[in-house]
Amino acid sequence: MTGSMGVRAIAAGCRGVLKLGAAGLILGLHCASAVALERDIDPAYRLSAEAPGTAVERARLGGGEECSRHRAEFRGGPPDEQQRAQTREVLAYQGLVEEALAMRARSIRLLDELRDKIAHRQALSGRDLLRLNQGAVAMLEQRAALYRISLAHECWLDEPVPDDPQAARRQATGIAMSLSAALVLYDNYLSVISLYRSDPVLRQHLNRADSGFALPGGELNRIAASFASPENRSRVRRALMWLEEHAPAGALEEENGDEAFRYLAQLIDQSPSRNVVRHVRPLEFVGNMLGMFSTLGADAFAGLSKDGVHVSSLLFGNAVGLVESRRGKLDARPSVLAKVAATARAGDILLEKTPFRLTDAFIPGHWGHVAVWVGSEAELRELGVWDHPVVRPLQEKIRAGRGVVEALRSGVEMNTLAHFLNVDDLALLRQDELSHAQRAEIVLQALRQVGKGYDFNFDVESTNRIVCSELVYHSYLHLDWPTERRLGRVTISPDNVAVRAVGGGPLDVALLYRDGEEVESGRADAMARLVQAQVVRLARR
């Protein structure tokens with residue numbers, strides 16, 4: 001989870017965007033985090049104790065006035081400036097979504113720790129209670145920031161659709177941002193908040209007032225009531241129906257469509273709570289809202305169980321941080337694990353595809369995640385770096401088999417191959433002609449990233465935070481990598497990495513699995529078919 005500066009920066013950033021013209025619409029439900037702050041936070045946040053999303057809180061935050069003012073600003077400037085302003089809005093919103101997803105992942109980790117203590121009748125330590133309170137503050141601050149964004153386009157639903165196609169697309173993009181923000185809030189409740197509420201000890205603690213953190217009493221119950229609010233649900237359904245009727249033609253096309261709208265549409269389409277909000281009657285949520293079972297219902301979970309989905313697997317996938325509907329086709333297969341372990345060499349690149357994770361669709365191209373295998377103790381001794389200052393603090397992890405370095409939403413971590421192989425597709429890429437010195441430098445560069453935060457800006461030109469494909473970019477310093485400019489940033493995708501193994505590129509495909517089955521021959525040709533044509537074209541420029 002972010003610390004005080006991060007949370008305040010989000011809120012301040014959102015306020016700044018509102019002056020430009022912010023984006024959003026509906027709901028204040030609660031925000032996305034739940035509870036796992038690792039650093040100190042200023043407790044002096046200012047939030048309404050009213051159930052978010054009510055007329056009282058909308059009036060308090062000036063939602064109607066802000067939306068009208070923002071609409072007037074958009075109408076007043078030239079079309080190009082309006083488009084640039086909206087692009088800035090989407091950038092700010094995307095960063096907020098990524099922060100929310102990271103906070104979810106850390107919240108789940110804390111929940112596992114606390115539940116284990118409670119199950120073993122251990123008292124929660126002062127540190128545990130501090131983390132709970134810090135997380136509650138972070139959750140409420142982020143909720144306020146998201147809610148301010150969520151109000152800024154609500155009035156656009158009452159506007160007629162402009163005849164000008166570009167203006168119509170801007171209106172649709174604003175409403176899509178609003179709707180996706182609302183669904184992110186619902187997803188946060190289903191995936192995190194409801195799980196904390198399902199535990200009596202944690203629920204009671206989080207509902208207590210704490211003057212030291214300016215936490216009002218009963219806040220968790222108010223969040224649950226807001227989740228069940230018929231008014232909020234009706235507003236979300238209204239936006240869903242508007243977009244179904246008025247979504248711009250061609251806006252989702254990869255070549256010619258609008259990137260910002262396409263990103264928002266994918267967020268909406270992949271939201272786990274989209275159908276819950278649309279189809280479940282609000283009154284079904286009112287009677288008993290103590291946890292995930294009560295909010296989704298026994299029938300829904302029975303159906304999931306029949307499909308082999310455990311409740312815990314509904315939480316977070318390893319690379320993208322959202323819901324996964326099943327286990328990967330290579331998961332828990334000893335023969336596959338043995339072959340990958342025997343084939344991999346220190347410095348090799350691992351690519352994976354997980355279509356069962358809902359946000360896999362957000363990643364452009366076929367491959368959804370990339371990591372670096374740093375090898376075993378024996379390999380690192382052979383390379384002469386086992387006692388290097390970068391390696392020494394990580395020796396125990398390497399001895400424990402945690403040789404996969406990967407950037408997840410919770411940060412850059414070291415994991416085992418068995419953990420990584422919860423995937424459907426896998427590629428092992430290698431540059432054969434590397435010298436010992438070059439391979440050693442790749443390993444050291446990858447290990448230098450361990451512990452860094454996730455790069456919510458997806459900017460390859462920064463090194464303080466890392467996203468998965470940036471790990472390769474900053475480890476293979478001697479290679480040129482194709483990059484793209486997306487939403488104003490220079491980015492590198494997993495497919496940008498994969499393309500260097502096709503068309504005579506410097507990388508070879510040492511191992512390839514497709515849809516759970518090994519591709520034993522023609523691996524380079526198979527890789528070329530998987531990589532998007534436009535990425536191949538980009539690499540040849």
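One is the number of the first residue; the rest follow in order along the sequence.
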State whether the side chain of [X] and the backbone N or O of [Y] hold a donor-acceptor pair below 3.5 Å, judged by distance alone.
X	Y	value
Ser234	Pro230	no
Arg222	Gly217	yes
Ser226	Ile223	no

Pair Ser107-Tyr196, side-chain hydrogen bond (donor to acceptor under 3.5 Å, both in side chains): steps then yes or no: CA-CA 9 Å; Ser107 298; Tyr196 276 83; 5.0 Å; no
Give a yes or no on whether Lys117 atom NZ has more than 12 heavy-atom contacts from other residues, nucleotides or ligands under 6.0 Å away.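 Result for NZ/Lys117: enclosed.
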For the pair Glu413 and Arg109, find out whether any cationic side-chain nitrogen is under 4.0 Å from an anionic carboxylate oxygen.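 Judged by the 4.0 Å cut-off on N to carboxylate O distance, Glu413 and Arg109 do form a salt bridge.
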Once salt bridge (charged side-chain N to carboxylate O under 4.0 Å, His left out) is applied, do any residues pair with Glu396, and if so which ones, sequence neighbours excluded?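 Glu396 satisfies salt bridge (charged side-chain N to carboxylate O under 4.0 Å, His left out) with Arg399 once adjacent residues are dropped.
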Quick one: list whatever passes salt bridge (charged side-chain N to carboxylate O under 4.0 Å, His left out) with Asp331, sequence neighbours left out.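 Result, salt bridge (charged side-chain N to carboxylate O under 4.0 Å, His left out) vs Asp331: Arg327.
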[X]: what forms a side chain to side chain donor-acceptor pair (under 3.5 Å) with it, not counting sequence neighbours?
X	answer
Lys452	Gln449
Asp158	Arg238
Ser469	none
Arg208	none

Would you tell me whether Arg115 and Ser198 have side-chain atoms, one donor and one acceptor, within less than 3.5 Å of each other?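 Checked: Arg115/Ser198 side chains pair up, N/O donor to acceptor below 3.5 Å.
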Test item: [X] and [Y] side chains (from C-beta on) under 4.5 Å apart, heavy atoms:
X	Y	value
Met414	Leu447	yes
Arg104	Val184	yes
Leu124	His205	no

Parallel, tilted or perpendicular, as decided by the 30° and 60° cut-offs, for the rings of Trp156 and His153: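 Because their plane-to-plane angle is over 60°, the rings of His153 and Trp156 count as perpendicular.
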